[in-house]
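Each chain gets a letter, A, B and so on, in the order the sequences are listed, and its residues count up from 1.
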Number of protein chains: 2
Amino acid sequence: MSTATETPKPHLLELLWRAAPETGRGPRKGLTVDEVVAAAIGLADAEGLEAVTVRRLAQSLGKAPMTLYTYVPGKAELVALMLDSLFAGMDPTPAADRPWRERLAAVARDNYALYRAHPWAAAASPSRPPLGPGQCAKYERELRALEGLGLDDVAMDDALAYLLAFVRTAAQDAAQSEAERASSAMSDHEWWEANGPLLAKVLDTERFPTAVRVGQAAGEAHDAAYDAEHAFAFGLERTLDGLGALIRS
Amino acid sequence: MSTATETPKPHLLELLWRAAPETGRGPRKGLTVDEVVAAAIGLADAEGLEAVTVRRLAQSLGKAPMTLYTYVPGKAELVALMLDSLFAGMDPTPAADRPWRERLAAVARDNYALYRAHPWAAAASPSRPPLGPGQCAKYERELRALEGLGLDDVAMDDALAYLLAFVRTAAQDAAQSEAERASSAMSDHEWWEANGPLLAKVLDTERFPTAVRVGQAAGEAHDAAYDAEHAFAFGLERTLDGLGALIRS
DNA sequence: ATCGTACGTTGTACAATATACAACGTACAA
DNA sequence: TTGTACGTTGTATATTGTACAACGTACGAT
């Protein structure tokens with residue numbers, strides 16, 4: 001005991017930057033952190049983040065469940081690693097020397113595409129992802145799309161965070177509405193057949209005149225009650241307009 | 001058997017509108033749906049949504065866990081009921097006959113206040129909440145803030161959804177960063193002491209010049225790495241500017 | 001007034017989760 | 001050569017949501 005050299009559990013940052021101090025004692029490692037993370041991403045892409053359990057992941061790697069805790073301290077850290085790996089693997093559409101609106105639109109669309117390709121990421125991604133190498137490269141690249149517009153450094157960060165939050169939410173909503181549609185086991189027609197009568201009784205135009213009118217118009221315009229792609233397109237224009245007003249001032 | 005009158009499980013809409021057909025057979029009910037929902041909201045407010053387990057909730061109502069399934073078909077439906085109850089209980093700041101920007105700002109701030117008071121709601125709230133009485137009243141009221149601006153019905157719905165999505169995300173991010181700070185058990189100072197050296201080594205200004213410069217400026221401006229209230233204020237202005245551009249056209 | 005039955009209530013049970021703990025064996029450092 | 005640090009794994013625990021069946025209550029029909 002005494003003042004023994006306690007290994008204080010690997011910090012998340014060390015994991016993200018792969019800066020763990022290797023000692024070389026004991027049996028050979030059968031895996032690497034990257035293999036574990038890659039397998040987890042594959043599993044999440046195929047079956048969703050809730051399918052990424054320690055057991056499933058270990059099975060897909062041919063190891064016992066507890067083995068994974070050698071590579072990753074816990075599930076939260078695993079998700080952080082998965083996210084940073086995604087960010088590191090983005091290939092951005094080049095848009096330098098284009099007008100600012102195109103540059104920012106490209107940033108937005110790249111992020112949207114990423115989240116649509118990996119729907120679990122939008123839900124898992126916190127507002128400020130941990131400072132891994134992927135996140136840092138992404139931050140650097142995206143900030144450059146905002147330079148030369150007369151914004152000071154703080155405003156650049158604010159503007160980027162604002163844009164990215166919009167994209168993340170839009171992608172999350174899209175994925176969610178898609179998942180609901182897939183898992184509902186009820187077609188729109190069946191749903192209306194089941195719930196239409198009650199809704200008609202309860203949504204009288206006396207109490208909710210505007211809601212009924214607008215809701216019906218919106219429902220007919222998009223043929224679903226909620227068209228996620230349209231919401232993204234609409235929101236992107238508004239967001240860029242809003243940032244444009246800031247840039248002009 | 002034969003063609004017995006199967007009670008096909010209460011639909012969510014019937015629950016939301018409290019339109020369950022009462023039969024009056026069997027023992028008296030010891031609770032009401034509203035009591036269950038109110039207790040669940042209290043529990044979620046006090047300890048977060050993850051504390052709302054069937055067992056805890058039943059205990060706080062003095063019943064056995066399985067009893068709750070008499071009132072609510074499952075946990076998902078319970079959360080929907082909790083949300084609609086929250087929406088029904090909002091008291092909006094009156095802002096009729098004010099300029100449109102003030103009206104929309106009031107809508108945004110009312111929603112933000114709701115989500116800040118009940119942090120679990122921002123995370124639980126889907127993009128399109130189920131059509132309960134609370135949600136309908138809220139939709140009606142908020143749409144009225146958008147009337148008379150020259151927007152057609154579809155654009156009104158788009159604009160409202162855009163504004164509300166921004167608010168929900170901002171509140172969610174705020175709650176999350178607050179929760180992280182509370183549960184970290186590490187002060188900002190301690191965090192920097194532990195992770196500063198590695199970060200300094202890894203974030204060299206060669207690879208990430210813009211990121212380091214802007215990140216440092218942003219970190220110093222808000223004294224935390226992420227100031228949620230500032231992000232909301234900033235984003236609200238941009239969002240209203242963006243909608244303003246739509247309204248003018 | 002009586003009695004069958006619909007329905008509220010509850011105890012037990014199950015599958016699944018993350019992960020703590022301790023035993024086992026490997027392979028490097030001394 | 002040997003001690004020990006460390007990778008691996010089986011077992012175990014505390015949670016979760018909820019299915020199922022037993023039990024008893026009180027209304028509707030007779």
Side-chain angles (χ1 to χ4, degrees), chain A residues 1-2 4-10 15 20-33 35-36 39-40 43-44 47-82 120 124 183, chain B residues 1-2 4-10 12 14-15 20-33 35-36 39-40 43-44 47-82 120 124 183:
Chain A
M1 221 23 98
S2 69
T5 51
E6 308 167 9
T7 327
K9 175 188 291 190
L15 250 85
E22 300 198 15
T23 59
R25 286 285 266 279
R28 297 267 160 63
K29 290 201 169 197
L31 294 172
T32 63
V33 175
E35 284 174 303
V36 174
L43 201 49
E47 305 186 39
L49 192 59
E50 75 281 357
V52 181
T53 70
V54 180
R55 287 164 178 74
R56 287 283 313 264
L57 185 54
Q59 187 183 18
S60 85
L61 288 163
K63 296 285 173 181
M66 289 308 292
T67 303
L68 302 190
Y69 287 90
T70 306
Y71 301 92
V72 165
K75 196 174 185 183
E77 289 82 356
L78 174 63
V79 173
L81 286 165
M82 292 166 67
W120 52 271
S183 76
Chain B
M1 231 1 113
S2 70
T5 51
E6 308 166 10
T7 326
K9 176 189 289 192
L12 178 54
E14 289 174 0
L15 249 84
E22 299 198 15
T23 60
R25 286 285 268 277
R28 299 267 159 64
K29 291 201 168 196
L31 294 171
T32 62
V33 174
E35 283 175 304
V36 174
L43 200 49
E47 305 186 39
L49 192 59
E50 74 282 356
V52 181
T53 70
V54 178
R55 287 165 176 76
R56 287 281 316 260
L57 185 54
Q59 187 183 18
S60 86
L61 289 163
K63 296 284 175 183
M66 289 309 291
T67 302
L68 302 190
Y69 287 89
T70 306
Y71 301 93
V72 164
K75 195 174 185 183
E77 288 82 357
L78 175 63
V79 173
L81 286 165
M82 292 166 68
W120 52 271
S183 77

Checklist line | Atom-to-atom span, CG of Leu57(B) to C1' of dG17(D) - whole angstrom | finding: 13 Å
Check: Rounded to the nearest 0.5 Å, how far does CG of Leu57(B) lie from NZ of Lys75(B)?
Finding: 9.5 Å
Margin query: Could you work out, with salt bridge (Lys or Arg N to Asp or Glu O under 4.0 Å) as the rule, every residue matching Arg56(A), not counting sequence neighbours?
Written below: Glu47(A)
Item checked: Listed partners of Arg55(B) passing salt bridge (Lys or Arg N to Asp or Glu O under 4.0 Å), at least two apart -> none
Margin query: Does the protein touch nucleotides 21-30 of chain D at the base, only the backbone, or not at all? Give it as B, S and - per nucleotide, heavy atoms under 4.0 Å.
Written below: ---BBSBS--
Check: Just how far, in rounded Å, is P of dA18(C) from CD of Glu50(B)?
Finding: 16 Å
Next item on the list: Kindly write out the residues that satisfy side-chain contact (heavy atoms from CB on, under 4.5 Å) with Ala80(A), not counting sequence neighbours, or none if the list is empty.
Entry: Leu12(A), Pro130(A)
Next item on the list: Starting at atom CG of Leu49(A), determine the distance to atom P of dA18(C), rounded to an integer number of angstrom.
Entry: 10 Å
Check: With sugar-phosphate meaning primed atoms plus P, OP1 and OP2, does Thr53(B) contact a base, only sugar-phosphate, or nothing at under 4.0 Å between heavy atoms?
Finding: sugar-phosphate
Notebook entry, point to check: Has the side chain of Arg55(A) got a donor or acceptor that lies under 3.5 Å from a partner of the other kind on the base of dA16(C)?
Noted result: no
Check: Is Val72(A) touching bases, backbone alone, or none of the nucleic acid, heavy atoms closer than 4.0 Å?
Finding: nothing
Next item on the list: May I have the distance from Tyr71(A) (atom OH) to dC6(D) (atom P), rounded to whole angstrom?
Entry: 14 Å
Notebook entry, point to check: Tell me: NZ of Lys75(B) to C1' of dT15(D), nearest whole Å?
Noted result: 11 Å
Item checked: Pairs involving residues 61-74 of chain A, ordered by first then second residue, that meet side chain to side chain donor-acceptor pair (under 3.5 Å) (sequence neighbours left out) -> none
Notebook entry, point to check: Heavy-atom distance under 4.5 Å between the side chains of Val72(A) and Leu68(A), does that happen here?
Noted result: no
Notebook entry, point to check: Atom CD of Glu77(B) and atom CD of Glu14(B): how far apart are they, to the nearest 0.5 Å?
Noted result: 12.0 Å
Margin query: Rounding to an integer number of Å, can you tell me how far Lys29(A) NZ sits from dT8(D) C1'?
Written below: 12 Å
Note to self: Heavy atoms from C-beta onward define the side chain here; which of dT9(C), dT8(D), dG17(D) lies closest to that of Thr70(A)?
What the structure shows: dT8(D)
Notebook entry, point to check: Residues from residues 58-68 of chain B sitting under 4.0 Å of DNA chain C, heavy atoms only?
Noted result: Lys63(B), Ala64(B), Met66(B), Thr67(B)
Margin query: Below the 4.0 Å mark, does dC6(D) have OP1 or OP2 next to a side-chain nitrogen or oxygen of Tyr69(A)?
Written below: no
Next item on the list: For the residue pair Leu78(B) and Val52(B), establish whether any side-chain heavy-atom pair is separated by less than 4.5 Å.
Entry: yes
Note to self: Nearest 0.5 Å, please: how far is CD in Gln59(B) from CG in Leu43(B)?
What the structure shows: 10.0 Å
